[in-house]
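Quick note on labels: first sequence line is chain A, next is B, and so on, each numbered from 1. Computed from a predicted structure; not experimentally measured. Only heavy atoms go into these numbers, but all of them, side chains included; no hydrogens, no water, no symmetry mates.
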Number of protein chains: 2
Amino acid sequence: MNDGVASHIRALFERHGLRCTRQRQVLYEALAATKLHPTADELFQMVKSRDEGLSLATVYNTLEAFSEVGLVRRLACAKGTGPCRFDADTSDHVHLSMPDGQIRDVPEDLSQKLLEAIPPSAVEDLERRMGVRVGGLTVQVVAAPEAKVER
Amino acid sequence: MNDGVASHIRALFERHGLRCTRQRQVLYEALAATKLHPTADELFQMVKSRDEGLSLATVYNTLEAFSEVGLVRRLACAKGTGPCRFDADTSDHVHLSMPDGQIRDVPEDLSQKLLEAIPPSAVEDLERRMGVRVGGLTVQVVAAPEAKVER
DNA sequence: TTTCCTGCAAAAGCTTTGCAAGTAC
DNA sequence: GTACTTGCAAAGCTTTTGCAGGAAA
């Protein structure tokens, strides 16, 4: 029983070597549909009305499985402490971290402007000199905690 | 009793409105002396031989106090989960996150090359359009988890 | 002397894990 | 049928907190 399903999700999972379970579908759909970069628990709250009996542990396990195959991205919150957040948009884009721990997407054009500015030569230098392969580059803008009055 | 102390630390604390206690001195010195970006617990292990009776809770409280006044920086590890790390170097510089959770500094010249590439106009745009004041911009390079063989 | 800091222990918050039952393939 | 997933509960790890005693200013 798993047939009335948006078949692109099934295909997506298959392509990543993931079995297609009801819980995974619901969770992936919910995560892909929101721009809120929810925490595991927030996502759990969002879907538990739609899937009685779903367990928070499954949410964690599922998000871990998704992250492992690159289907979603784990976002560290800038504060360093607190729960981590998840994003089904795995394309390169810049995040804005709010003082309260929320994360927002920076608009596409600005995001691109920031990412394109990174000189590839510097990244190559870095790989050579530090003896690593660069898997990704994260640019995170941190909003100032002060009230947003003009100073 | 707090007089045989490197007076620059005392002055540093005073300038930031922090009382100068033995524990804070020891912790700040240890953090400033290492390039390892330790977690709270690692720092605790590093100093507890030098300060019997020091409590891990105090390490946390102290690092929190330091962070609040900008004396140290909290680093989120790129994995999203796991303990956070601390850095007494608050100047703008780029970090390299290793797959095992460690964090290394990117050499000064490369770091600068990356940071200088960020167009200030994009940041200003972002402030205007998202209605926030940008408190900081974090560039984090994530090393690929694969073995560092040449491909 | 007033206020803040420390240590301890306990609690809280986030995430992972063991296991038996269930499901996908 | 086999291997993987789920739900539950329990454990694990990281961080915070309450409080009484102690130290800094």
- prompt: So does A/Ser55 get a side-chain nitrogen or oxygen closer than 4.0 Å to the phosphate oxygens (OP1/OP2) of D/dC8?
  reply: no
- line: Across all chains, not counting sequence neighbours, the ring-ring contact (aromatic ring centres under 6.0 Å, His included) partners of B/Phe86 are none
message: Each nucleotide in nucleotides 12-20 of chain D should get exactly one letter: B, S or -. Can you fill that in based on protein heavy atoms under 4.0 Å?
response: --SBBB---
Side chains of residues 72-81 of chain A: which donor-acceptor pairs under 3.5 Å do they make with residues two or more places apart or in other chains?
residue, atom, partner, partner atom, Å
A/Arg73, NH2, A/Thr90, O, 2.6
A/Arg74, NH2, A/Glu64, OE1, 2.6

field: A/Arg24 side chain near D/dT5 phosphate (N/O to OP1/OP2, under 4.0 Å)
entry: yes
B/His16 NE2 - D/dA25 P separation (whole Å): 16 Å
query: Rounded to whole angstroms, how far apart are CG on B/Asp51 and P on D/dA23?
result: 13 Å
query: Listed by chain and number, what are the side chain to side chain donor-acceptor pair (under 3.5 Å) partners of B/Asp51, not counting sequence neighbours?
result: B/Arg22
query: Hey, can you pull the residues of residues 42-49 of chain A with a non-hydrogen atom under 4.0 angstrom from DNA chain D?
result: none
- prompt: Taking only N and O in the side chain of B/Thr58, is any of them less than 4.0 Å away from OP1 or OP2 of C/dC5?
  reply: no
task: Indicate yes or no: does A/Lys48 engage A/Asp41 in a salt bridge with an N to O separation below 4.0 Å.
output: no
message: Rounded to the nearest 0.5 Å, what separates atom CG in A/Leu137 from atom CG in A/Leu115?
response: 8.0 Å
message: Distance check needed: C/dC4 P versus B/Glu14 CD, whole Å only.
response: 16 Å
- prompt: Considering the terminal five base pairs at each end of the helix from C/dT1-D/dA25 to C/dC25-D/dG1, what angle separates the two local helix axes, rounded to 10°?
  reply: 50°
Side chain to side chain donor-acceptor pair (under 3.5 Å) involving A/Glu68 - partner list, sequence neighbours excluded: none
Residue list, ring-ring contact (aromatic ring centres under 6.0 Å, His included) with B/His95, at least two apart or on another chain: B/His37, B/His93
query: Going by the ring pair (Phe, Tyr, Trp, His ring centres under 6.0 Å) test, which pairs reach into residues 101-127 of chain B, not counting sequence neighbours?
result: none
message: Which residues pass the side chain to side chain donor-acceptor pair (under 3.5 Å) test with A/Thr62, not counting sequence neighbours?
response: none
message: For a quick test of reading the model: is some side-chain N or O of B/Gln23 closer than 4.0 Å to OP1 or OP2 of D/dA23?
response: no
message: For residues 114-139 of chain B, which residue pairs pass the ring pair (Phe, Tyr, Trp, His ring centres under 6.0 Å) check, not counting sequence neighbours?
response: none
- prompt: Is there a donor N/O on one and an acceptor N/O on the other, under 3.5 Å, for the side chain of A/Arg19 and the base of D/dA3?
  reply: yes
- line: note: B/Leu27, atom CG; C/dC5, atom C1'; distance rounded to Å ~ 13 Å
query: What residues, two or more places apart in sequence or in another chain, satisfy side chain to side chain donor-acceptor pair (under 3.5 Å) together with B/Glu127?
result: none
message: Tell me the interatomic distance from B/Leu54, atom CG, to C/dT6, atom P, rounded to whole angstroms.
response: 9 Å
statement: B/Glu52 CD to C/dC8 C1', in whole Å, measures 16 Å
